[in-house]
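Index from 1, following the sequence.
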Amino acid sequence: MASVDSEFVLLVSELLAPLGHIRPRRMFGAVGLYCDGAFFAIISDDVLYLKGDAQTKDRFDAMGMQPFAVPSGRPVTLSYFEVPGEWLDNEEQLLEFATLALGAARRSQAHKGRTAKT
């Protein structure tokens, strides 16, 4: 079971702190990362995945970021994409793409809010 106090989760949370209040939460055997209430990243097996959408797809694809596959035994992928490990040593690039992911998460929240009201 994933731990919100693992060294990797704490490191990533610290690296992403310039974006806002980062809060890790255990979920489906992984850890979800929230920034100011927006679910924008997943950590699974010490790999960081960032939220993507139609607006970020081309940038994420260009960087070769692979989708997160739910470890359930059946082929289910989510719109979260693998961050290359070397980005943890390049804070500028990590924050650039994490900002894109945060935007995707906020757009998703806004869309869900609009659909719930209709």
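- Leu15 places a side-chain heavy atom less than 4.5 Å from the side chain of Leu88.
- Under the 4.5 Å side-chain criterion, counting only non-hydrogen atoms from C-beta, Phe60 is in contact with Phe97.
- At least one side-chain heavy atom of Ser44 sits under 4.5 Å from a side-chain heavy atom of Phe68.
- Here the side chains of Asp53 and Ser108 are not in contact, with every heavy-atom distance at 4.5 Å or above.
- The closest side-chain heavy-atom distance from Leu48 to Leu33 is below 4.5 Å.
- Contact annotation: the side chain of Phe39 approaches that of Tyr34 to within less than 4.5 Å [non-hydrogen atoms, C-beta and beyond].
- Listed here is the closest heavy atom pair of Asp5 and Leu10: O-CD1, 3.5 Å.
- Linking Ile, Leu, Val, Met, Phe, Trp and Tyr whenever their side-chain heavy atoms come within less than 4.5 Å puts Leu11 and Phe40 in one cluster.
- Scanning all heavy atoms of the two residues, the minimum distance from Gly20 to Asp36 falls at CA-OD2, 3.6 Å.
- Looking at Gln66 and Asp61, their side chains never come closer than 4.5 Å, going by heavy atoms from C-beta outward.
- Residues Met63 and Gln93 form a side-chain contact, since some pair of their non-hydrogen atoms from C-beta on lies under 4.5 Å apart.
- Val47 and Glu82 get closest at one heavy-atom pair: CG1-CG, 3.6 Å.
- Put simply, CG on Leu78 and CD1 on Ile42 are 5.5 Å apart, with the number rounded to the nearest 0.5 Å.
- Across every non-hydrogen atom of Pro24 and Ser13, the tightest pair is CG-OG, 4.2 Å.
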